[in-house]
Structures are given as C-alpha cells and as structure tokens.
There are 2 protein chains.
Amino acid sequence: MQGLNDILNLDKNAKTRFVKKGEMLLREGDESSLAFYIEKGLLRSYTIDEKGKEHIFSFASEGWIIADIDSQEFNHPAELFIDCIEDSEIVVFDRKCFKLADLSEQQLRENANLLARRIAVLQKRVIMLMSVSAQERYSTFLKSFPKLVNRVPQRMIASYLGITPEALSKIRGQIAKGK
Amino acid sequence: MQGLNDILNLDKNAKTRFVKKGEMLLREGDESSLAFYIEKGLLRSYTIDEKGKEHIFSFASEGWIIADIDSQEFNHPAELFIDCIEDSEIVVFDRKCFKLADLSEQQLRENANLLARRIAVLQKRVIMLMSVSAQERYSTFLKSFPKLVNRVPQRMIASYLGITPEALSKIRGQIAKGK
DNA sequence: CAAATGCCTTAACCTAGATTAAGAAATGAA
DNA sequence: TTCATTTCTTAATCTAGGTTAAGGCATTTG
C-alpha cells in the first residue's frame, strides 16, 4: 500500500482534514479528482441505484486510499459517493498530480504499484461475485477484513457482499448455530 | 489501450505466435508472468470452481492484452486459465519487464495507463454484478461489446454475465418476442 | 432522562435464476 | 456425406435470496 509520505511527495498541496461520521466527501456527478488517504477512521464508497438502494463498492480504513479511479481516469463525473463511517482523520489530495509530466520514476513506480494492487482486489471480487454463494462470500469477508467486521454495520457488510441485511442476518444465524 | 509498439519497447524478447482455437496458454497454478497482446483473434481468461464450472473473467480481441495481473503482481501461481476462442495471432511478452528499473518514464506512464483502464472496467463490472438483473447485464454487454457478440458462443457470454446458458437463452427469447 | 430514530433479527411469502431433462440445430471429424 | 459431438433452446421443477412486515435493541438527540 502507498504510504502517506509518498502522497505528500506527489501532491504538495495535500491537506489533513478531520471529518465527522456521516460527512460526505464525494457525490455522484461531482467533477473532482480528489482522493483520500485514511490516517485514522473508516470511509466507504458506494453507488445508489434507480430504486434508491445503496451498493457499497469499497471500504477504506487506516493506511488505505479511497477514490473513484474509474471516473477520474476517464474524466467522467463521479459515479461513486464517498462518505465517513466513523469520525476520521484523512489526507485529501488530488489524483491529477499523478498524471503530471514531472513525476519522478520512483513516484510513477509507486503509482503503478497502487493501481496493480487495486486490480488484484477487484479481480478477486469479480470472481467471487460470479462463482460463490452469499454464505461463502461472507466467510471470505471475515477472513479478509477481520478488523473491519466490528467497525462496519451489518447492513453495510451485506451491501458490500451484494445481498440484503435480512439475508446476511439469516446467514449469521445459521453460522451461529453450527452451520 | 497499450499498443503493440509499446510492448515491443517494454520487452525486447516479445515474440509473435500463431495459436489454434482451443489452445491453452496459461493454466491455473502456472508460475508464469506471461501476457498476451492480441494481434488478430479472440482469447478468454477464466476460473474453474470446485464443481468444475467455468467462470469467464474476461475476453480479449484485436488490440487488447490478456493476463492474470492479480497473481503476477503478487507473485502467486496463476488463478486463471487463458485459452483461445478462435485461431489467433498473438504477441507473447513478459510482464516482469514492466517492473524493471531501466524502464523510461514514458513506458512507466503507459503501464500506469494500462492498469488504470483495467481498474475502470473492473469497477463497472463489480457494480453491475452487485446491482443489476441478468437481463440488464446482457443488454449492457451487447452495447459494450457489439463486435464480440457474434464471435463468442452464448454459453461463454452467459458465463461472463454470471448466469447459466439456459437463463441467457430464456432472456434472449424474451427480448426476441418484444421484451 | 425519555422519545425517537435507526439497526438487527425472525418469519412468511415470492421470484429470478439454477437445475434437470430432452429435443433441435449447428459444428466437426472421418 | 454421415455420424458424433457440442451448442442452443424449451419446459418443468427447485431453491437461494429478495420482499414485506413486525418486534426488540441500541444509540442519538433534545
């Protein structure tokens, strides 16, 4: 994962901000190339469909970056909302800086690393969504993000897994009484 | 999309190969950092689950690159199989070269571009898999890849969409008789 | 503190898509 | 060409997970 120092090198204007639970940092439709490095706390990115239902695309806690890379890369307005699940301390920086001609080789390499890791996560996620049951997806989530489980509300975990809170509750019940 | 010239610059050992329909280029478990640029033809990458069922992760036709970026980035054995849907002409190159210290800034920038675009595709795919019906996913596929529709067998399109061939056939039937 | 709002669970019912099966059409090999 | 194999379709049945609804806990907020 890309660290804070790297970001401060990439964008000299990066600023630390303290944000409150529920505070919205990016809205669908925004023309923004901002990204957020989480110093402390927990954020999420998500879409809202025509029926008003939220679909969580990612969580990001300490040491992670959250942004709408898709729309930024193609200069589209944001598809994702980003807001805070906990009061958080974040570093706000501009991903436009990642494209500037005056980046060093070292910085370019770090950027490529960041992107490659994100691809890895997404590749796994797509394969999971296509091939395994909700129960297995939940088990995998528990193994992959053990520290998030107690910080993220159930309904958001359900949304991340692509199921309803009711379905997750049922699955948890089944696991509790020994499968 | 990264072009052929860029690849030849990145890996001087890149070689053109003519491969037959059905020919397997990468197997799950392989320790390989090969990637394939498609000059002409059509390849696919996919997993096979415990029940022996195939799940297609991606197609790649003229001008595209196909590889198991996840396992390559983390030096894991391959999770994906890659084989040919049509007789194809491809350029085989080694993604290890993308990490070497002597790449030019220009080449690093092209690599970052390639990765960012892949992220964009995957972000859209994850959101689709989580939030829209099989029928809508098929419609989106038709719009996104109109040239592939007649070259890829239905059952593979179904697999890419995360549904069974029977379900896709039913959907096509419904669309044919005016929704 | 109490009221209010959200969060989690349970349970009854419903539906999209899976499974199974079988026949028709296309493809390929000899 | 013929036979065999794979692909596509249709239809009957089944099931994971969605929907709706209602009650019990938490946690905000005044």
B:Gln154 CD to D:dT6 P, in whole Å, measures 18 Å

Check whether any side-chain heavy atom of [X] sits under 4.5 Å from a side-chain heavy atom of [Y], and report yes or no.
| X | Y | value |
| --- | --- | --- |
| A:Ile163 | A:Ile171 | yes |
| B:Ile157 | B:Tyr138 | yes |
| B:Gln135 | B:Gln174 | yes |
| B:Ile85 | B:Leu43 | no |

Can the ring centres of B:Tyr46 and B:Phe81 be said to be less than 6.0 Å apart? yes

**OP:** Fit a plane to each ring of A:Phe145 and A:Phe141, take the angle between them on a 0 to 90° scale, and name the class: parallel (under 30°), tilted (30 to 60°) or perpendicular (over 60°).
**Re:** tilted

Check your understanding: Strictly by modelled atom types, are A:Asp68 and B:Gln123 linked by a side-chain donor-acceptor pair under 3.5 Å?
Key -> yes

Notebook entry, point to check: Looking only at side chains, do A:Ser133 and A:Glu136 share a donor and an acceptor under 3.5 Å apart?
Noted result: yes

Using a 4.0 Å heavy-atom cut-off, does A:Lys51 contact any base of the nucleic acid, only the sugar-phosphate backbone, or nothing at all?
nothing

*Taking A:Arg44 for its side chain and A:Phe59 for its backbone only, find out whether a donor-acceptor pair lies under 3.5 Å.*
no

B:Leu42 backbone acceptor or donor facing B:Ser61 side chain under 3.5 Å = no

Return a table of donor-acceptor pairs under 3.5 angstrom between the side chains of residues 16-28 of chain B and protein atoms on other chains or two or more places apart.
from    : atom 1 : to      : atom 2 : distance (Å)
B:Arg17 : NH2    : B:Glu23 : OE2    : 2.8
B:Glu23 : OE1    : B:Lys20 : N      : 2.9

Closest non-hydrogen contact found for B:Ser71 with B:Pro77 is CB-O, 3.4 Å

Distances for protein N/O vs nucleotides 13-17 of chain D N/O pairs under 3.5 angstrom?
from   : atom 1 : to       : atom 2 : distance (Å)
D:dG17 : OP1    : A:Ala134 : N      : 2.9

Per the under-4.0 Å heavy-atom filter, residues of residues 79-90 of chain B near DNA chain D come out as none

Applied to residues 146-156 of chain A, the salt bridge (Lys or Arg N to Asp or Glu O under 4.0 Å) test, sequence neighbours excluded, yields A:Glu62-A:Arg151, A:Glu86-A:Arg151

Reading nucleotides 21-30 of chain D from 5' to 3' and marking B where a protein heavy atom lies under 4.0 Å of the base, S where only the sugar-phosphate is that close, and - otherwise, the string is -------S--

Of B:Leu168 and A:Pro153, the one whose closest nucleotide on DNA chain C sits nearer the 5' end is A:Pro153

Note: chain B reaches DNA chain C at heavy-atom distances under 4.0 Å over the stretch, first to last nt, 5' to 3', of C:dG17 to C:dG28

